[in-house]
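Note on naming: letters A, B, ... go to the chains in the order of the sequence lines (proteins, then strands), and numbering restarts at 1 for each one.
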There are 2 protein chains.
Amino acid sequence: MISQTEENYLKVLYNLTSLKGEASVNEISKQLDIKMPTVNSMMKRLAEKGLVVYESYKPLKLTAEGKKRATLIIRKHRLTEMYLFEKMGFGWDEVHHIAEQIEHIQAPEFFLKMDELLGFPKVDPHGSPIPDTDGKIATDSYLKLSDCKAGDIVTFMAVQPSSEELLKFLTNRKLSLGLELKIKQVEPFDGSMSISYRNKENETLSNKVCEKLLVSETRRKNS
Amino acid sequence: MISQTEENYLKVLYNLTSLKGEASVNEISKQLDIKMPTVNSMMKRLAEKGLVVYESYKPLKLTAEGKKRATLIIRKHRLTEMYLFEKMGFGWDEVHHIAEQIEHIQAPEFFLKMDELLGFPKVDPHGSPIPDTDGKIATDSYLKLSDCKAGDIVTFMAVQPSSEELLKFLTNRKLSLGLELKIKQVEPFDGSMSISYRNKENETLSNKVCEKLLVSETRRKNS
DNA sequence: ACTAAATATTAGCACTGTCTAACAATAAAG
DNA sequence: CTTTATTGTTAGACAGTGCTAATATTTAGT
Ligand SMILES: [Mn+2]
Ligand SMILES: [Mn+2]
Ligand SMILES: [Mn+2]
Ligand SMILES: [Mn+2]
């Protein structure tokens, strides 16, 4: 009833709106690498189906139903990523593009089975929350590593957004989820940080990287 | 380059030709539940792409390339079925319709990984051979149980063709691959057979069922 | 406030994959 | 060997998903 193509539009629209509050034809167009007129007519079609709120020249929004559909696809995507990572031994940088396809499989038993075999995981291999079967998604309240201060000790919880390149970079630096990071120093000029973790002392991470690492606070330096 | 839809046509064409030597528009139409004119034009498109040999009013054939494409899809299908069965705990009657979708995933690493995790299996959960990475498929030389005689002792090797209903039926009768079957009696009137296996004595199987069970000969009765 | 740039929309076209209706060819039956 | 049934083909329609070119609207710059 809802095509693979439509599902991909819904997901992008969901990601954009949940990030910036609203989405535009132009942004969707860029994300999906599909020309604006095509996106425009698809938005109208999805509006027709009751999944998108469309008004000429206004920002785009998902209806409640559209939002639910989107999160259920994201659920399948993240469960799949976790399965590929945990049960099949793929790296966290390899799972996304496979999940991008498997998320469209219509077979509830299949995803239920993965969920069971995984022990009902709460997050995917990049630390993003897995929506529940009703499409409800836990809002994590992590902070960006780039917003922390020298002396803070934090736990590395998620990468967001997680490009394949960034994930490879983090793998090279032996940075994995759950690690305790000690912020040794923050360079005021460019925001780069000097971090200690594992047996590594004072590894430097650029601000560009630090912005994408989400952490939870473990201890804060008395100030 | 080749769509999911086209892949499904190729596969059906392969199955029909390898079974009966040749295939017709009509048969493909029935198999896929798609009207003849649609099949007809698809055959022309696939001929255009060099995958099918099409001549008006002549039986349909696959080109070498078409055959290879088909077997590589079948490889993905059967590997998937085996993975679902062996590693995820699905029943042999549950795996087909999921594999029908997953066979279209474009991600060689994914299927390679399944192959590795399974230890490079040679057959799927229904006993059908899994084509190799070049698309070459081992031709099994089993016989139909229905062609065996009273007194024969045979090993149950494959179900073909394997409908979900038949598989459920076999599961109920505790008939699984690898079992040794002793043919006690063949009813001349309707070809039904009385079989002993496991701790079961003289279970009766209709000819309709026996035709679909493939076996390898273990011992033959001295005649 | 006016102009230029960016964004959004409309119109029109192409290709895929499906259908129905009408017609043609082949195969089956008598 | 005709007639009939089955199978195959052609023609034309339509929905889905993409495009380009042209136009309209909104936003940003001066
Ligand atoms: Mn992902
Ligand atoms: Mn996708
Ligand atoms: Mn199958
Ligand atoms: Mn399929």
Side-chain angles (χ1 to χ4, degrees), chain A residues 1-17 19-62 66 69-70 73 100-101 103-104 106, chain B residues 1-17 19-62 66 69-70 73 100-101 103-104 106:
Chain A
M1 207 62 275
I2 174 172
S3 73
Q4 187 153 329
T5 308
E6 289 170 328
E7 289 193 339
N8 284 329
Y9 278 94
L10 281 186
K11 227 179 33 150
V12 166
L13 184 46
Y14 179 86
N15 284 333
L16 286 170
T17 49
L19 204 70
K20 318 185 192 180
E22 58 183 40
S24 67
V25 170
N26 191 246
E27 285 166 323
I28 298 174
S29 169
K30 282 177 194 151
Q31 287 272 319
L32 288 174
D33 195 25
I34 285 174
K35 295 293 178 294
M36 282 203 292
T38 306
V39 173
N40 191 273
S41 53
M42 180 56 89
M43 289 305 108
K44 285 179 170 178
R45 293 199 330 104
L46 291 174
E48 210 58 40
K49 295 195 181 188
L51 303 173
V52 163
V53 183
Y54 174 87
E55 286 179 279
S56 275
Y57 297 104
K58 295 252 173 69
L60 296 160
K61 279 185 299 186
L62 284 167
R69 299 290 189 101
I73 301 158
E100 200 55 54
Q101 297 178 65
E103 69 189 356
H104 305 290
Q106 285 332 147
Chain B
M1 206 62 273
I2 174 170
S3 73
Q4 187 153 328
T5 307
E6 289 170 326
E7 291 193 339
N8 284 331
Y9 278 93
L10 281 186
K11 225 178 35 148
V12 167
L13 184 45
Y14 179 87
N15 285 333
L16 286 171
T17 50
L19 204 69
K20 317 187 194 180
E22 57 183 40
S24 67
V25 171
N26 191 247
E27 286 166 323
I28 299 175
S29 169
K30 282 176 193 153
Q31 286 272 319
L32 289 172
D33 195 26
I34 284 174
K35 294 294 178 294
M36 282 203 292
T38 306
V39 173
N40 191 274
S41 53
M42 180 57 88
M43 288 306 107
K44 286 178 170 179
R45 299 217 355 263
L46 291 174
E48 210 58 41
K49 295 196 181 185
L51 303 173
V52 163
V53 184
Y54 174 87
E55 286 179 277
S56 274
Y57 297 104
K58 295 252 172 70
L60 297 160
K61 281 186 300 186
L62 284 167
R69 299 291 189 101
I73 300 158
E100 200 56 52
Q101 297 178 65
E103 68 188 356
H104 305 291
Q106 285 332 144

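Taking 4.5 Å as the limit, some side-chain heavy atom of B:Asn40 sits within range of a side-chain heavy atom of B:Tyr54. Side-chain contact between B:Tyr9 and B:Val39 is present, with at least one heavy-atom pair separated by less than 4.5 Å. At least one side-chain heavy atom of A:Lys49 sits under 4.5 Å from a side-chain heavy atom of A:Glu6. Counting only heavy atoms from C-beta outward, the side chains of A:Ser29 and A:Ile34 never approach each other to under 4.5 Å. Using a 4.5 Å heavy-atom threshold, the side chains of B:Lys11 and B:Glu100 count as touching. At a threshold of 4.5 Å between non-hydrogen side-chain atoms, the residues A:Thr5 and A:Met42 count as touching.
When rounded to the nearest whole Å, the span between CG of A:Asn40 and C1' of D:dA21 equals 15 Å. Taking atom CD1 on B:Ile28 and atom P on D:dT7, their separation rounds to 14 Å, with Å as the unit. One atom, CE of A:Met43, and another, P of C:dT10, lie 14 Å apart when rounded to the nearest Å. Atom-to-atom, CD of A:Glu48 to P of D:dG16 comes out at 10 Å; the value is rounded to the nearest Å. When rounded to the nearest whole Å, the span between CG of A:Asn8 and P of D:dG16 equals 17 Å.
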For nucleotides 4-6 of chain D, which of its nitrogen or oxygen atoms have a protein nitrogen or oxygen under 3.5 Å away, and what is each distance?
none

Output one line per pair: protein atom, nucleotide atom from nucleotides 12-19 of chain C, and distance, for all N/O pairs under 3.5 Å.
{"from": "C:dG17", "atom 1": "OP1", "to": "B:Ser3", "atom 2": "OG", "distance (Å)": "2.7"}
{"from": "C:dG17", "atom 1": "OP2", "to": "B:Arg45", "atom 2": "NH1", "distance (Å)": "3.0"}
{"from": "C:dG17", "atom 1": "OP2", "to": "B:Arg45", "atom 2": "NH2", "distance (Å)": "2.7"}
{"from": "C:dT18", "atom 1": "OP2", "to": "B:Tyr9", "atom 2": "OH", "distance (Å)": "3.2"}
{"from": "C:dC19", "atom 1": "OP2", "to": "B:Lys35", "atom 2": "N", "distance (Å)": "3.0"}
{"from": "C:dC19", "atom 1": "OP2", "to": "B:Thr38", "atom 2": "OG1", "distance (Å)": "3.0"}

Between the protein and nucleotides 25-27 of chain C, which nitrogen or oxygen pairs are less than 3.5 angstrom apart?
{"from": "C:dA25", "atom 1": "O4'", "to": "B:Tyr57", "atom 2": "OH", "distance (Å)": "3.2"}

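The shortest distance between the side-chain N/O atoms of A:Lys44 and the OP1/OP2 oxygens of C:dT10 is below 4.0 Å.
With B:Thr17 contributing its side chain and B:Leu13 its backbone, the two residues share a donor-acceptor pair below 3.5 Å.
Between B:Lys20 and B:Glu27 there is a salt bridge, with a side-chain nitrogen of the basic residue lying less than 4.0 Å from a carboxylate oxygen of the acidic one. With salt bridges taken as basic N to acidic carboxylate O contacts below 4.0 Å, none links B:Glu22 and B:Lys58.
A pairwise comparison of heavy atoms in B:Leu62 and B:Val52 identifies CD2-CG2, 4.0 Å as the closest pair.
For the residue pair A:Gln4/A:His104, the side-chain donor-acceptor check at 3.5 Å is not satisfied.
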